[in-house]
There are 2 protein chains.
Amino acid sequence: MSSSNAIGDSTVIQQRNLVEQVADYLTQAIISQKFAPGERLSEVQLARDLGVSRAPVREAARLLESRGLLVSQPRRGFFVRALDAAELNDIFDLRLCLERHAMARLVGDFDADKEGALRRQVEVMCEVAAGDNESRKIEEDLVFHRMVIAFAGNRRLLKAFDDITHELRLCIALIGKTHADPDSISTSHWLLLDALASGEPGRCREAIDYHIGVARDYVVQGIGETVA
Amino acid sequence: MSSSNAIGDSTVIQQRNLVEQVADYLTQAIISQKFAPGERLSEVQLARDLGVSRAPVREAARLLESRGLLVSQPRRGFFVRALDAAELNDIFDLRLCLERHAMARLVGDFDADKEGALRRQVEVMCEVAAGDNESRKIEEDLVFHRMVIAFAGNRRLLKAFDDITHELRLCIALIGKTHADPDSISTSHWLLLDALASGEPGRCREAIDYHIGVARDYVVQGIGETVA
DNA sequence: GTTCGCCAAACTGTCGACAGTCGACAGATT
DNA sequence: AATCTGTCGACTGTCGACAGTTTGGCGAAC
């Protein structure tokens with residue numbers, strides 16, 4: 001495995017699709033704010049920097065466009081997606097829509113296996129929350145929510161969630177920090193688990209509404225500070 | 001000036017790039033069953049047939065992949081998406097999830113303008129339902145549901161709906177016919193309108209659950225007959 | 001008759017190149 | 001001084017070509 005930050009250092013990269021590698025590089029660069037929101041990306045320059053031709057760069061860019069990390073203007077090229085407060089609200093509203101549905105579907109056939117798996121994941125999140133690896137916290141959080149949706153049994157629903165996952169990473173990265181309080185994260189997720197274990201759809205809905213609402217308010221407030 | 005970027009009244013100079021044209025061609029070919037589900041598509045052959053090079057064909061294929069009309073296997077190429085009953089169920093379940101949410105959001109600020117627009121669309125659907133242009137029926141139906149979601153005011157939600165729209169067209173085309181009874185279509189949509197106009201979230205949910213449920217059962221049953 | 005291995009054909013992944021188009025800048029004009 | 005216009009540079013859209021891989025068929029071995 002070669003270094004992850006640069007693709008075309010000195011060794012030529014093989015085997016894995018160039019498209020995927022370029023896509024990973026671009027994703028990382030966008031998430032880590034190496035490219036500013038709204039910045040224009042030149043295909044030729046990217047190809048030069050990464051030591052590949054324009055074809056894989058174009059395909060990777062199109063892939064990231066479909067994931068909402070880039071936007072393209074005809075004959076002008078690709079730009080890093082810039083999110084405003086309204087778009088952010090929409091994303092979290094859609095997330096709420098998907099997770100509500102998943103919780104409702106899941107509470108119907110919740111069992112010990114699923115509960116155990118989710119419980120272990122929350123424990124992992126608690127461990128990570130103590131440290132200062134911010135991106136790891138985000139990823140483990142997303143893993144939990146993805147598990148909930150996966151357990152709901154609708155693969156197309158899971159795909160829809162994966163689609164907005166990249167946008168979630170982007171907007172969380174934009175405000176530069178996760179939830180301030182580590183305890184609040186864990187308790188919030190324990191509440192989701194309790195609601196599922198209770199078997200009551202009403203409690204599930206309350207729990208997920210509260211959970212997503214807090215996350216949305218936090219991010220929207222954060223983006224407001226960033227802009228202002 | 002009334003038309004600064006237009007020549008004449010409605011003729012806008014727009015040179016559609018080859019990618020879009022190829023994408024449209026492929027979409028039409030897939031929807032109209034010109035390509036069988038699961039069939040492998042050769043980039044070179046498509047390029048030859050369409051008189052273009054492989055680059056636009058590849059990009060168009062990638063676009064259709066992101067829309068769920070094609071699937072790609074590394075180093076093997078693109079295949080026409082084949083849907084089974086389970087995937088079909090998942091798609092309609094996700095559609096229900098999205099439309100429920102949109103109805104709930106929309107019923108909050110439903111007004112005469114929106115009601116009028118939706119009413120006119122249903123009337124268009126009634127006119128079309130009398131004829132035998134099947135694809136037109138499907139399109140006008142989708143227009144109605146898209147309007148509902150657009151009126152809900154969440155653009156990301158609308159994008160999620162647009163994403164599954166292509167898959168909906170595909171699976172409706174697979175069973176080869178729309179709802180048998182023209183009257184049932186119109187009444188079913190009038191019910192949705194009445195529910196929205198009533199302002200009661202409960203009635204909205206009932207109406208959309210019934211509406212999508214009927215459509216799903218119809219399609220799932222249809223695909224069962226096709227396979228069996 | 002079946003299975004394995006090899007070979008040729010076709011295909012995908014990637015590359016470099018060309019042409020048309022867009023935006024910026026300098027010069028001309030009012 | 002401000003605006004219009006012509007030119008220039010850079011970039012995207014598209015193309016044809018090459019290399020490595022996959023595929024399907026044919027023949028040999030069991």
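In what follows, chains carry the letters A, B, and so on, assigned in the order in which the sequence lines appear, proteins first and then strands, with residues in each chain numbered from 1.
Rounded to whole angstrom, the span from the CD atom of B:E43 across to the C1' atom of C:dA10 amounts to 12 Å. As rounded to whole Å, 17 Å separates atom C1' of D:dG16 from atom CG of B:L50. When the P atom of D:dT12 is taken as reference, atom CZ of A:F78 falls 9 Å away, rounded to whole Å. Distance CG (B:N17) to C1' (D:dT12): 11 Å, rounded to an integer number of Å. Between B:L18 atom CG and D:dG16 atom P the separation is 12 Å, expressed in whole Å. What separates CD of B:Q21 from P of D:dG13 is a distance of 14 Å, to the nearest Å. Between the C1' atom of C:dT12 and the CD atom of A:E20 lies a distance of 15 Å, rounded to the nearest Å. Summarising the geometry, the separation between CG on B:L46 and P on D:dC15 is reported as 14 Å, rounded to the nearest angstrom.
The aromatic rings of B:H211 and B:H189 lie perpendicular to each other, with more than 60° between the two planes, well past the 30° mark.
Salt bridge annotation for B:R216-B:D93: absent, with no cationic side-chain nitrogen under 4.0 angstrom from a carboxylate oxygen.
Distances were taken from every side-chain heavy atom of A:R75 (C-beta onward) to each of C:dC15, C:dT21, D:dT23; the shortest belongs to C:dT21. Comparing C:dC15, D:dC15, D:dC11 by their nearest atom to the side chain of A:V44 picks out D:dC11. Listed candidates were C:dT14, D:dT14, D:dG13. Nearest to the side chain of A:P56 is C:dT14. In the set C:dG13, D:dC11, D:dC15, the nucleotide with an atom closest to the side chain of B:S53 is D:dC15. Residue A:V19 has its side chain nearest to C:dT14 when only C:dT12, D:dG13, C:dT14 are considered.
At a threshold of 4.5 Å between non-hydrogen side-chain atoms, the residues B:L174 and B:V219 do not count as touching.
Backbone-only engagement by B:L41 is indicated by non-hydrogen atom pairs under 4.0 Å involving sugar-phosphate atoms exclusively.
Judged by distance alone, with hydrogens and angles left aside, A:R54 brings a side-chain donor or acceptor within reach of the base of D:dG13, the pair sitting under 3.5 Å.
For D:dT23, one of the phosphate oxygens OP1 or OP2 lies less than 4.0 angstrom from a side-chain nitrogen or oxygen of B:R76.
Separating the CG atom in B:L142 from the CD1 atom in B:I172 is a distance of 5.5 Å, to the nearest 0.5 Å.
Remark: of the listed residues A:E134, A:E139, A:E140, A:E134 is the sole one forming a salt bridge (Lys or Arg N to Asp or Glu O under 4.0 Å) with A:K137.
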